[in-house]
Protein chains: 2
Amino acid sequence: MTTRDEILRLGEELMRTQGFNAFSYYHLADALKLRPAAVHYHFPTKDALALSIISRSRETFHAFAEHAALEPDLQKRLHQFVRIFSENAATDKICLMGAAGADFYTFSDETRTEVQLLVREIIVWLAALLREGKACGVFTFDGTPRTRAMLIATNMAASLHMARILGKQEFPRIADQLVKDLCIPQKSTAKRKEK
Amino acid sequence: MTTRDEILRLGEELMRTQGFNAFSYYHLADALKLRPAAVHYHFPTKDALALSIISRSRETFHAFAEHAALEPDLQKRLHQFVRIFSENAATDKICLMGAAGADFYTFSDETRTEVQLLVREIIVWLAALLREGKACGVFTFDGTPRTRAMLIATNMAASLHMARILGKQEFPRIADQLVKDLCIPQKSTAKRKEK
DNA sequence: AAATATACTGACTAGTTAGTAAGTGGTCAA
DNA sequence: TTGACCACTTACTAACTAGTCAGTATATTT
């Protein structure tokens, strides 16, 4: 792993645990056993760092989407999406939507646009999943797939806040109900459970 | 309005627009035409300020709850709750749950506990509304009232992030669908619309 | 009239912040 | 072997940070 990547990784972690304005170049440098100037070498300004963190997160999501496309079962695909958030809840992190949304007005226009792209891509992906799932009878919901995608995304994002504030046990409660609301029980192709 | 109240009001506004770690005592003092030491006179430490902001917000919510109790129509009561968030969306603010959730790990234990109390009170109030509404046939939902309250609260909180990132038009879309999901259409006591 | 409390200001400090500029050691290609 | 590039370090600055302390003007009480 290159120094640049380590800075991005740690920067994202700090952004999603303490907030973008709660850590400094010194914190990054110290944790990575570098001088602050080395961090400036890779990211001249803090906003450039924010931009790269968001952009890297977009790439991570693209990779997730590519991997998820291999899963033919749409309910399982939804579960893969939920699992991303569930992992964050376990480590007390909020998602980048939540973190960047809170710090939004401290970013440059360029960085805000990158945040917008990230969120749009997530919503578009989720809406497509919901549309397809509804068409083939695995999901049920009212309203447009896009609005439903917004409802689910907002549930997931703020559930991470709730998990921090009220306790980790809140996340699975919210996530399980969300999935129940959406999924039409499927006839198992495996042996049926005894009644 | 006393200086103390003005500091609290501005502090909360800055916390909910830029984040708690993005403003300083100097910013507060400058905007209120005071010296930073005057702010320290009212709130010795920044964490004490955070604590008072949250605590004041709890009182505001208690006042809301008291006022809302006068409304016998439970659907209207839900609308009153949603309207709080809709006003924030209009002014690009996130709610205190969202803001305090993001900055959570930069607060003292005492302040975190106050955040916890605020969120718990909101959830308890909302769960009671849902329970009552379900019992008298105006709301419909699966799962426990508390879990449903969590789903609604997370929708509301993160919708404010979405309104910032993707545009204000997102908020009413999300809120309207949320209300539609929940509310059983009531027979109007007024003259029925022509079909 | 004297003492006390309130709500500040002025002047300060020690530490932190993002950001710069000049230099250094290593690698690699021509 | 020279020169260019990379990934830094050292040394620095100017501005800002939370927080302190010793005053001071103005009421209010005794």
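So you know, we letter chains A, B, ... as the sequences are listed, proteins then strands, and number each from 1.
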A.B. asks: The side chain of B:His40 is closest to which nucleotide in this list: C:dC8, C:dT17, D:dT20?
C.D. replies: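 Ranking C:dC8, C:dT17, D:dT20 by closest atom to the B:His40 side chain puts D:dT20 first.
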A.B. asks: Over how many whole Å does the gap from A:Leu28 atom CG to C:dG19 atom C1' extend?
C.D. replies: 14 Å
A.B. asks: In whole Å, I'd like the distance from the CZ atom of B:Phe23 to the P atom of C:dT17.
C.D. replies: 17 Å
A.B. asks: Does A:His42 make a side-chain N or O approach to OP1 or OP2 of D:dC6 shorter than 4.0 Å?
C.D. replies: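 A:His42 to D:dC6 OP1/OP2: no side-chain N or O under 4.0 Å.
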A.B. asks: Calculate the interatomic distance between B:Ile7 atom CD1 and D:dG19 atom P; express it in whole Å.
C.D. replies: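 Answer to the nearest Å: 14 Å.
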A.B. asks: Using a strict 4.0 Å threshold on nitrogen-to-oxygen distance, state whether A:Asp181 and A:Arg148 make a salt bridge.
C.D. replies: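 The answer is no: the pair does not qualify as a salt bridge.
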A.B. asks: Tell me whether the OP1 or OP2 atom of D:dT17 has a side-chain N or O from B:Ser24 closer than 4.0 Å.
C.D. replies: yes
A.B. asks: Rounded to the Å, how far apart are A:His27 NE2 and C:dG15 C1'?
C.D. replies: 11 Å
A.B. asks: Within this structure, what is the NZ-to-C1' distance between B:Lys33 and C:dG10, rounded to whole angstrom?
C.D. replies: 20 Å
A.B. asks: Taking the minimum atom-to-atom distance to the side chain of A:Ala37, which one of C:dA21, C:dG19, C:dT9 wins?
C.D. replies: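 Nearest to the side chain of A:Ala37 among the choices is C:dA21.
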A.B. asks: Base, sugar-phosphate, or nothing for A:Tyr25, non-hydrogen atoms under 4.0 angstrom?
C.D. replies: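 Sugar-phosphate contact only.
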A.B. asks: With a 3.5 Å cut-off and no angle check, do the side chains of B:Gln116 and B:Arg120 form a donor-acceptor pair?
C.D. replies: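 B:Arg120 and B:Gln116 do have a side-chain donor-acceptor pair below 3.5 Å.
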A.B. asks: Any salt bridge linking A:Arg146 with B:Glu170? Criterion: basic side-chain nitrogen under 4.0 Å from a carboxylate oxygen.
C.D. replies: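 A salt bridge links A:Arg146 with B:Glu170.
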A.B. asks: How many Å lie between CZ on A:Arg4 and P on D:dC8, as a whole number?
C.D. replies: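 Checked: the CZ to P distance equals 12 Å.
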A.B. asks: Please determine if a side-chain N or O atom of A:Thr3 lies less than 4.0 Å away from the OP1 or OP2 oxygen of D:dC8.
C.D. replies: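 Answer yes for this pair, as a side-chain N or O of A:Thr3 is under 4.0 Å from OP1 or OP2.
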A.B. asks: In this structure, how many angstroms lie between the C1' atom of D:dT17 and the CG atom of A:Asn21, rounded?
C.D. replies: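 A:Asn21 atom CG is separated from D:dT17 atom C1' by 13 Å.
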A.B. asks: Ring-plane angle category for B:Phe64 and B:Phe81, please: parallel below 30°, perpendicular beyond 60°, tilted otherwise.
C.D. replies: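 Answer is tilted, since the angle falls between 30° and 60°.
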A.B. asks: First locate atom CG of B:Leu182, then atom NZ of B:Lys134, and finally report the distance between them rounded to the nearest 0.5 Å.
C.D. replies: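 Reported value, rounded in 0.5 Å steps: 10.0 Å.
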A.B. asks: For A:Arg35, report the nucleic acid contact type (base, sugar-phosphate, nothing); a contact means any heavy atom under 4.0 Å.
C.D. replies: base
A.B. asks: By the 4.0 Å heavy-atom rule, please label B:Phe43 as base, sugar-phosphate, or nothing.
C.D. replies: nothing
A.B. asks: Tell me: OH of A:Tyr26 to C1' of D:dA15, nearest whole Å?
C.D. replies: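 Rounded to whole Å, this separation is 19 Å.
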A.B. asks: Select one nucleotide: of C:dT6, D:dT10, C:dT9, the one nearest the side-chain heavy atoms of B:Tyr41.
C.D. replies: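 That would be C:dT6.
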